[in-house]
Protein chains: 2
Amino acid sequence: MTGYPSPDMSDVELVDVLRALADPVRLHVVRLLANGEPRAKALDEWGLDLTKSTMAHHFRILRESGLTNTIVDGRTHAVQLRRAELDERFPGLMASVIGDGRS
Amino acid sequence: MTGYPSPDMSDVELVDVLRALADPVRLHVVRLLANGEPRAKALDEWGLDLTKSTMAHHFRILRESGLTNTIVDGRTHAVQLRRAELDERFPGLMASVIGDGRS
DNA sequence: ATGATTGTTCGACGATCGTCACACAGTTGA
DNA sequence: TCAACTGTGTGACGATCGTCGAACAATCAT
């Protein structure tokens with residue numbers, strides 16, 4: 001049901017999380033995941049004009065950095081922000097990054 | 001007295017700040033600046049084994065991203081974190097990035 | 001003036017990054 | 001069984017990044 005390995009949060013380094021967030025596409029994705037709900041990886045879920053392989057690349061970086069989990073169900077995959085764990089490891093970071101309307 | 005142009009904080013984009021922070025050297029520098037006090041650019045102030053030109057490169061990125069100011073005094077320069085402005089623009093971000101002891 | 005000091009800028013280099021097309025693997029449904 | 005579908009992996013490409021040495025500019029002390 002839940003597939004693909006994500007690192008233990010205790011092994012996650014802040015600088016790697018920041019590197020994962022330091023890209024417009026991935027920051028956008030993380031913001032759409034702010035509410036903690038899983039979201040399908042399907043291209044039309046993200047409002048981005050990128051190819052499958054490019055999105056797969058970004059999803060991989062998000063997962064390997066510790067930001068997300070991948071949930072596999074049949075042939076569809078979903079991504080979920082590891083909000084609670086991230087809040088414990090890096091208090092305030094997600095809140096400030098997800099932030100409000102300021103670009 | 002205060003030299004080299006820093007961007008208006010209202011023009012600073014979060015993704016650019018994150019990109020500036022997403023490097024071990026610059027994250028280290030920002031943490032040493034956490035208290036808001038200026039710090040000389042002199043190499044021995046940072047405990048890093050890098051050349052002058054490399055440090056100048058990192059200081060430039062920090063300044064252009066909006067994270068720091070440069071204070072010129074004679075032939076010595078100092079860097080200062082724009083803490084108050086950053087806190088207003090991105091509440092909680094600096095606090096979470098500067099954080100505590102977790103690597 | 002002259003030489004030492006502090007820091008920037010330039011050009012180069014290898015490494016990493018973001019993107020794509022293509023081939024591949026697993027799941028679903030007819 | 002077989003075709004369609006969803007997503008991953010590979011290899012390539014240009015662009016950006018981090019680093020360095022060397023040249024330069026500005027300031028200070030003598």
Side-chain angles (χ1 to χ4, degrees), chain A residues 1-7 13 15-33 38-80, chain B residues 1-7 13-30 32-33 38-80:
Chain A
M1 194 65 76
T2 137
Y4 289 86
S6 302
E13 303 279 358
V15 70
D16 295 319
V17 172
L18 293 172
R19 199 180 296 119
L21 293 170
D23 174 90
V25 170
R26 294 191 294 266
L27 186 55
H28 177 75
V29 167
V30 166
R31 282 173 156 164
L32 291 184
L33 295 174
R39 197 174 186 110
K41 288 187 179 175
L43 290 187
D44 58 0
E45 288 281 329
W46 310 95
L48 294 166
D49 193 23
L50 295 170
T51 62
K52 276 191 305 176
S53 47
T54 297
M55 287 306 289
H57 165 71
H58 288 301
F59 287 134
R60 186 216 271 260
I61 289 185
L62 288 173
R63 174 174 49 77
E64 290 180 347
S65 76
L67 278 166
T68 60
N69 279 321
T70 298
I71 301 168
V72 176
D73 179 35
R75 71 185 164 189
T76 73
H77 299 198
V79 218
Q80 186 171 33
Chain B
M1 195 64 77
T2 137
Y4 289 88
S6 302
E13 302 278 357
L14 177 57
V15 72
D16 295 319
V17 171
L18 292 173
R19 198 179 297 119
L21 293 170
D23 173 90
V25 170
R26 293 191 296 263
L27 186 55
H28 176 75
V29 167
V30 165
L32 292 185
L33 296 175
R39 199 174 185 107
K41 288 188 178 175
L43 290 186
D44 59 359
E45 288 281 328
W46 310 95
L48 294 165
D49 194 23
L50 294 170
T51 62
K52 275 190 307 174
S53 47
T54 299
M55 287 307 288
H57 165 72
H58 287 302
F59 287 134
R60 183 214 272 263
I61 289 186
L62 288 173
R63 174 174 48 80
E64 289 180 347
S65 76
L67 278 166
T68 61
N69 279 321
T70 297
I71 302 169
V72 176
D73 178 36
R75 70 187 165 189
T76 75
H77 298 198
V79 218
Q80 186 171 32

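Every value quoted in this text rests on a predicted model; they were computed, and no experiment measured them. Just so we're on the same page: letters track the sequence lines, and every chain starts at 1.
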Checklist entry - Going through the checks in order, is the side-chain hydrogen bond (donor to acceptor under 3.5 Å, both in side chains) test met by A:D16 and A:S65? => result CA-CA 6 Å; A:D16 295 319; A:S65 76; over 6 Å; no
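When the side-chain nitrogen and oxygen atoms of A:R60 are compared with OP1 and OP2 of D:dG9, one or more of them lie within a distance under 4.0 Å. Look at B:K52 and you won't find any side-chain N or O under 4.0 angstrom from OP1 or OP2 of D:dC20. In this model, the phosphate group of C:dA4 is not approached by any side-chain N or O of B:R75 to a distance below 4.0 Å at OP1 or OP2. Considering only side-chain N and O atoms, A:H57 lies nowhere under 4.0 angstrom from the phosphate OP1 or OP2 of C:dT19. A close approach under 4.0 Å does not occur between any side-chain nitrogen or oxygen of A:T51 and OP1 or OP2 of C:dT19. One finds a side-chain N or O of A:H58 lying less than 4.0 angstrom from the OP1 or OP2 phosphate oxygen of C:dT19.
Atoms CG (A:D23) and P (D:dA15) sit 17 Å apart, rounded to a whole Å. Between the OH atom of A:Y4 and the C1' atom of D:dT6 there is a distance of 10 Å, given to the nearest Å. The interatomic distance linking B:L50 (CG) with D:dC20 (P) rounds to 5 Å, in whole Å. The CD-P distance, from B:E64 to C:dT8, rounds to 12 Å in whole Å. Taking atom CD1 of B:I61 as the reference point, atom C1' of D:dC17 lies 8 Å away to the nearest angstrom. In this structure, CZ of A:R19 is placed 13 Å from P of D:dC17, rounded to the nearest angstrom. Atom C1' of nucleotide C:dG18 and atom CG of A:L27 are separated by 16 Å, given to the nearest angstrom. Residue B:L21 contributes atom CG, which lies 16 Å from atom C1' of D:dC17 at whole-angstrom precision.
When distances run from any side-chain atom of B:S53 to the nucleotides C:dT6, D:dG21, D:dT6, the shortest one goes to D:dG21.
Between B:Y4 and B:H77, a ring centre-to-centre spacing shorter than 6.0 Å is recorded.
Remark: A:L50 CG to A:L43 CG distance equals 8.5 Å, nearest 0.5 Å.
Side-chain contact between B:V79 and B:N69 is absent, with no heavy-atom pair separated by less than 4.5 Å.
Salt-bridge check for A:R60 with A:E64: passed, with a basic side-chain N closer than 4.0 Å to an acidic carboxylate O.
Residues B:A78 and A:D49 both approach DNA chain C. Their nearest nucleotides, taken by heavy-atom distance, put B:A78 toward the 5′ side.
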